[in-house]
Amino acid sequence: MLTEELLRIARSDTNGVPIDGRAAEVDALYEAGSRDPSVGRIYEGHLNGAQLVARCGSPMQREQLERDLSDGHLFGVWNTQDGNGVRIADAAGGFVLSGAKTWASGAGTITRALITAALPNGLLQMCLVPMDRVQVAIDRSAWEPMGMQASDSFSVSFDSVVLSAGDLIGNPGDYEAQPWFFGGALRFLAVHAGIMGRLEAETLAYLTERNRDSDTFQRVRAAQVRIAVQTSRQWLRTGMESWMRFDAEPSESNANQVLETVDMARVAIERAALDVIELVVRSVGARGLIEPLPFGHLIRDLQMYLRQPAPDAVVMRVGAAAFSSAAAACNASIASPTGVKG
């Protein structure tokens, strides 16, 4: 379901900035989410993986990236793991992996998996694993989720996979570099917003077909859904604009602005999505939740996809940034001869 136009968006410069621009990236992710949540999840990983190689890879690796994208290879980023996480060690003529990744979205479809592997010193090294040329063990048995079933987020064992130096991307620690690590959440937020937009469109069409569009309560709910979706789109725009400022001037101040803005967007869009889910369920009723109507599938997928890691930590960062900004404003006011900022 990924068109050639969507796949082209994966091309970026050596700073990881999409060649077609940030707006095109956000729009493409929104569109992918509106088509299908699992497609959106896999597409987000494709963009993330290609951008990491473009930003952190060597000139030779970037050239290979271009060839891989032209040949239609699908990238993914697999970082999540349990106790048996992936490790990397020296081997004759290269490196050998051991351990497994969990929640590896697109397992069985991804042909270029960018994974993190722990070095003996504990630092994380990015590795680009050519899945079409190595032997891995994919465990599908544990993937019985409430939603996002079609994302094929299986467990993948990399035991005894041998890599060359050319398969290692960037330096140890590059994967968690900021603002790209936390600020990259804007990608999956765009997919979430796309799912919400699809729910809005499907709900309005469903109610209109049943002559419920003039019902007072349905109009109220439709208004609330529309406001929530547009709120999410505005947060995407704000996050995109903060990234564009950083792209033009990668200063510490602009990096911090990316982090704070995307954190706030993540909290706001999650709240908006939860509101949309409740409003849509109330609007379509039990009859609307019966398949093959799309509401049950979309709602389950969105509920599952919203459960991104460490949501409480995100809220804590936003709160800390608020107090930091207030303290800076207070200090500036005290430093002013009149006691008033400015």
Side-chain angles (χ1 to χ4, degrees), residues 1 23 26-41 43-44 145-151 185-242 261-308 311-312 314-315 318-319 322:
M1 291 181 66
V26 168
D27 288 347
L29 287 160
Y30 186 97
E31 179 184 345
S34 70
R35 291 185 181 190
D36 183 87
S38 291
V39 169
R41 170 68 189 96
Y43 181 58
E44 187 274 326
M146 178 182 74
M148 299 296 285
Q149 181 79 36
S151 70
L186 192 69
R187 286 187 304 271
F188 68 67
L189 295 178
V191 182
H192 292 173
I195 304 169
M196 294 161 61
R198 169 78 180 280
L199 278 169
E200 178 192 12
E202 294 283 1
T203 301
L204 294 177
Y206 178 86
L207 295 174
T208 301
E209 289 171 1
R210 285 154 181 78
N211 297 317
R212 302 296 306 282
D213 50 310
S214 60
D215 180 274
T216 300
F217 295 104
Q218 295 290 15
R219 286 193 173 187
V220 170
R221 284 191 286 266
Q224 292 172 321
V225 169
R226 192 168 188 80
I227 290 167
V229 172
Q230 290 304 313
T231 296
S232 298
R233 293 185 70 100
Q234 289 300 320
W235 271 111
L236 290 178
R237 178 178 294 277
T238 302
M240 178 191 71
E241 290 172 349
S242 71
T261 301
V262 174
D263 275 349
M264 289 190 292
R266 182 172 165 183
V267 175
I269 290 176
E270 181 193 19
R271 183 65 263 166
L274 292 172
D275 289 344
V276 166
I277 289 170
E278 180 180 358
L279 290 162
V280 167
V281 169
R282 287 178 176 274
S283 296
V284 303
R287 188 181 299 276
L289 299 177
I290 297 174
E291 294 183 354
L293 291 171
F295 299 104
H297 154 66
L298 291 171
I299 288 169
R300 289 192 302 272
D301 281 1
L302 181 55
Q303 285 177 318
M304 186 75 178
Y305 199 1
L306 285 173
R307 305 276 49 88
Q308 293 295 320
D312 294 335
V314 175
V315 176
V318 173

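Sequential numbering from 1 along the given sequence is applied to the chain's residues.
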Might you point out which heavy atoms bring [X] and [Y] nearest each other, and give the distance in Å?
X    : Y    : value
S214 : R219 : CA-NE, 3.6 Å
A228 : A272 : O-CB, 3.8 Å
Y30  : G197 : OH-CA, 3.5 Å
V26  : L186 : CG2-CD2, 4.4 Å
V262 : A185 : CG1-CB, 3.9 Å
G147 : M304 : O-CG, 3.5 Å

Has [X] got a side-chain atom pairing as donor or acceptor with [Y]'s backbone, closer than 3.5 angstrom?
X    : Y    : result
R300 : M148 : no
S34  : E31  : yes
R198 : R35  : yes
S38  : S151 : yes

In Å and rounded to the nearest 0.5 Å, what is the [atom1] to [atom2] distance from [X] to [Y]?
X    : Y    : atom1 : atom2 : value
D301 : L306 : CG    : CG    : 10.5 Å
L298 : L302 : CG    : CG    : 8.5 Å
I277 : L199 : CD1   : CG    : 7.5 Å
Q218 : L279 : CD    : CG    : 10.5 Å
R237 : S242 : CZ    : OG    : 13.0 Å
H297 : Q149 : NE2   : CD    : 11.0 Å

**Message:** Over 60° means perpendicular and under 30° means parallel, so tell me whether Y305 and F188 are parallel, tilted or perpendicular.
**Reply:** tilted
Are side-chain heavy atoms of [X] and [Y] found at a separation under 4.5 Å?
X    : Y    : result
V281 : F295 : no
V225 : T203 : no
M240 : L236 : no
R266 : L189 : yes
R282 : F217 : no

**Request:** Please determine if R233 and E200 form a salt bridge, counting it only when a charged side-chain N lies under 4.0 Å from a carboxylate O.
**Result:** no
**Asked** Below 4.0 angstrom, N of the basic side chain to O of the carboxylate: do R307 and E270 qualify?
**Response** yes
**Working for side-chain contact (heavy atoms from CB on, under 4.5 Å), residues V191 and L29** = CA-CA 5 Å; V191 182; L29 287 160; 3.9 Å; yes
**Lys/Arg cation over aromatic Y206: R210, 6.0 Å, 45° cone** = yes
